[in-house]
Chemist: 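Got a structure for you, written out below as structure tokens; questions coming shortly.
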Amino acid sequence: MEHTIERVPVTTLVSGAELALTIHTLRGGPGPVVGVSDAIHGDEPIGVEVVRRLARYLCNHGDRVKGTVRLLPVANPLAYETNTRNTVLDHTNLNRVFPGDADGWLTEQLAARITNHFLVDLDAYVDFHSGGAYPIVDYVYLTNGPALSRAFGSRLLFHPASPYAGTTATIAESRSIPTVTVELGGGLANEEHYATRMLEGTLNILRRVGILDEPPKPAPEQILLHEMAIMRPHQGGILVPEVHAPDLGREVAGGTVLGRIYSPYTFEELETLVAPFPRSLLVLLRDNLAPIHPGSFMYMIGNAATAEILPPEAG
Ligand SMILES: [Zn+2]
């Protein structure tokens, strides 16, 4: 097993600090090449730790690695430093500006480096995300690499009718690289069990691709969502959740109260958020007594009525 660390310079900041991409290459003989990245959104740090554990696992099991794994643990070091979704310096969401622009805004320059130095010559790409500082989430996108998406092992999968433009996945898929975008964990507390699952799911993708020379675990029965409601409040205030972290993935009846927003000043109830579909699957929620801003990501709810049940794979 050969492990190299490459620094790809992006620019020099006003502080004098150098902004660079740090890319690990773990090479274990001939075989496919898989890329794994995290912290495209800076407030989704769980995957950075999972990438660290993945590197350690591969180094410790080098005799079983048939191929190359390229790791970009922190795609946006500026947003990771400030624990924010966007780059604070230019108020930009890195995961909407791909392929980037070498002559553009700072975040666009960063995107261009990732496009040209990381999202190249890959046979598969795994893109880690989580819910961010407050929400927690649990699903995996299924797009151009269905067997790999299933191999991660999450119960809920989502095939979006109109995916976001300008993401790393947009570029990878335009290059015909099978891509798995993982959404798992968040809330920045009690994430250890999500980290454990994220590592195990990624190892199973590596088995499925043929990088790890051991049989993949067959995918369990899974639910493929085609329709997802994103719910954002119209009023800001104190959020009091009525569904909680252990409820993620659960089906609730339409009209079930998910959370209430109270005024921290008059204490009146400003808004009640309820499950929108007759059969609503809880995909993303908040489980903290924190203030919430109008328009924030609050719930993602899948429609169970239009979902497909994917039978378990044969073992
Ligand atoms: Zn994200």
Side-chain angles (χ1 to χ4, degrees), residues 21 35-52 54 71-88 90-100 107-108 110-111 114-115 118-119 125-143 149 152 154 156-160 162-173 179-189 191 194-195 197-199 201-202 205 225 228-232 245 248 283-288 292-293 295-302:
L21 300 174
V36 182
S37 65
D38 188 59
I40 288 165
H41 292 132
D43 61 348
E44 301 173 5
I46 173 176
V48 180
E49 164 58 7
V50 174
V51 171
R52 188 188 72 80
L54 177 60
L71 305 173
L72 175 61
V74 184
N76 189 343
L78 298 169
Y80 183 62
E81 180 176 38
T82 52
N83 190 26
T84 52
R85 181 172 174 84
N86 299 344
T87 312
V88 172
D90 61 5
H91 313 287
T92 297
N93 180 346
L94 172 60
N95 214 31
R96 296 291 181 275
V97 300
F98 281 92
T107 302
E108 294 174 316
L110 179 60
I114 294 169
T115 298
F118 182 70
L119 296 172
Y125 169 52
V126 182
D127 176 25
F128 289 154
H129 290 259
S130 72
Y134 294 106
I136 49 172
V137 67
D138 190 348
Y139 72 100
V140 168
Y141 282 91
L142 184 149
T143 55
S149 289
F152 188 84
S154 289
L156 298 180
L157 301 164
F158 177 43
H159 179 81
S162 45
Y164 293 114
T167 68
T168 51
T170 313
I171 301 307
E173 288 167 14
T179 297
V180 181
T181 301
V182 173
E183 297 275 358
L184 185 60
L188 306 186
E191 290 188 279
Y194 295 123
R197 268 183 55 198
M198 205 180 255
L199 177 62
T202 306
I205 289 173
L225 296 164
M228 191 104 83
I230 295 175
M231 300 176 67
R232 301 170 183 271
L248 267 184
V283 178
L284 173 147
L285 55 83
R286 291 182 179 226
D287 192 11
N288 24 50
I292 187 163
H293 302 294
S296 299
F297 238 80
M298 189 164 175
Y299 298 107
M300 285 174 73
I301 307 294

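For the single chain, residues carry numbers from 1 onward in sequence order. Remember, it's 1-based here, ligands and their atoms both numbered in the order they're listed.
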Chemist: Should Leu184 and Phe152 count as side-chain neighbours, where that means a heavy-atom distance under 4.5 Å?
Modeler: yes
Chemist: With a cut-off of 2.8 Å, which protein N/O/S atoms are close to the Zn ion (ligand 1), if we only count those under it?
Modeler: His41 ND1, Glu44 OE1, Glu44 OE2, His129 ND1
Chemist: Do Glu183 and Asp138 have side-chain heavy atoms sitting under 4.5 Å apart?
Modeler: no
Chemist: Given 3.5 Å as the limit, does a donor-acceptor pair link the side chain of Asp90 with the main chain of Thr107, or not?
Modeler: yes
Chemist: Just to verify, what does Phe158 make a ring pair (Phe, Tyr, Trp, His ring centres under 6.0 Å) with, not counting sequence neighbours?
Modeler: Tyr141
Chemist: Could you go step by step and tell me if Phe128 and Thr202 meet the side-chain contact (heavy atoms from CB on, under 4.5 Å) rule?
Modeler: CA-CA 10 Å; Phe128 289 154; Thr202 306; 3.2 Å; yes
Chemist: Say whether, by atom type as modelled, one donor and one acceptor occur between the side chain of Thr84 and the main chain of Asn86 under 3.5 angstrom.
Modeler: yes
